[in-house]
Amino acid sequence: MNILILNGPNLNLLGTREPDTYGTTTLADLERDLESSFSDVTFTFAQHNGEGALIDQLHAARKQADGVVFNPGGYTHTSVALRDAVAAIDPPVVEVHLSNVHAREAFRRTSRIAPACIGQISGLGPTGYHLAVRYLARGEEGGD
Ligand code: DQA
């Protein structure tokens, strides 16, 4: 089972970026925790600040991943192109947000990308990534 963990703009600054909203866990911590929690999963970790690089990474996942956990960051609320990229690929994509986007500014309540995803997890911090991986890997783990 190959899973792509794809993070969008500004998520490279996790740990120091608005810690009251996003916590103090760094992206490297989050990735290390996933790797140690799911020994049966082969992870690809990627983070890009640009929309084009995120689209290229999603296209590459067509052949390389059985599932994708995607935090599109601020592009969540704006990007038709990312939504189309998610719709264009076969592996299921779970949209994840560290913060509860529905409890913040009104513009964060709309995701252009979620309708093309299999589901969305929002507001559970790094645990959201773990739950998304657990869902995507359920066939192999025999759960859910
Ligand atoms: C975020 C929520 C987005 O609204 C914001 O632009 C981010 C992070 C989250 O993980 O909570 O960059 O995706």
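Atoms within each ligand, like the ligands themselves, are counted from 1 in listed order.
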Practice prompt. Could you walk me through whether S111 and Q120 pass side chain to side chain donor-acceptor pair (under 3.5 Å), step by step?
Written response: CA-CA 10 Å; S111 170; Q120 184 198 56; 4.5 Å; no

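The aromatic rings of F38 and F43 sit perpendicular, their planes meeting at an angle over 60°, well past the 30° parallel limit.
Shown here for Y75 and E51, the closest heavy-atom pair between the two residues is OH-N, 3.3 Å.
Not a single N or O atom of T76, backbone or side chain, sits closer than 3.5 Å to an N or O atom of ligand 1. For L11, no nitrogen or oxygen atom sits less than 3.5 Å from a nitrogen or oxygen atom of ligand 1, counting backbone and side chain alike. For V96, no nitrogen or oxygen atom sits less than 3.5 Å from a nitrogen or oxygen atom of ligand 1, counting backbone and side chain alike.
In terms of protein heavy atoms, atom 11 (O) of ligand 1 is closest to S99 OG, 2.6 Å. Ranking the protein heavy atoms by distance from atom 9 (C) of ligand 1 puts L98 N, 3.4 Å first. In terms of protein heavy-atom proximity, atom 1 (C) of ligand 1 is nearest to H97 ND1, 3.7 Å.
The heavy atom nearest to atom 2 (C) of ligand 1, out of those in N7, I121, L14, V101, is found in V101.
No side-chain donor-acceptor contact under 3.5 Å links Q64 and T44. Side-chain atoms of Q47 and N49 include a donor-acceptor pair closer than 3.5 Å.
In this structure, V101 is not a member of the same hydrophobic cluster as Y129, with clusters built from ILVMFWY side-chain heavy atoms closer than 4.5 Å.
For the ligand labelled ligand 1, residue N10 lies outside the 4.0 Å heavy-atom shell. Heavy-atom separations between Y75 and ligand 1 are all 4.0 Å or longer.
The residue from V96, V86, I5, L4 that alone fulfils the side-chain contact (heavy atoms from CB on, under 4.5 Å) condition with F70 is V86.
Here R17 has side-chain heavy atoms under 4.0 Å from ligand 1, and that is the only part of it that gets that close. The side chain of R108, and not its backbone, has at least one atom closer than 4.0 Å to an atom of ligand 1 (non-hydrogen atoms only; side chain from C-beta on).
Here the side chains of L6 and H48 are in contact, with some heavy-atom distance below 4.5 Å.
Counting atoms of ligand 1 from 1 in the listed order, those under 4.0 Å from a heavy atom of H77 are 3 (C), 4 (O).
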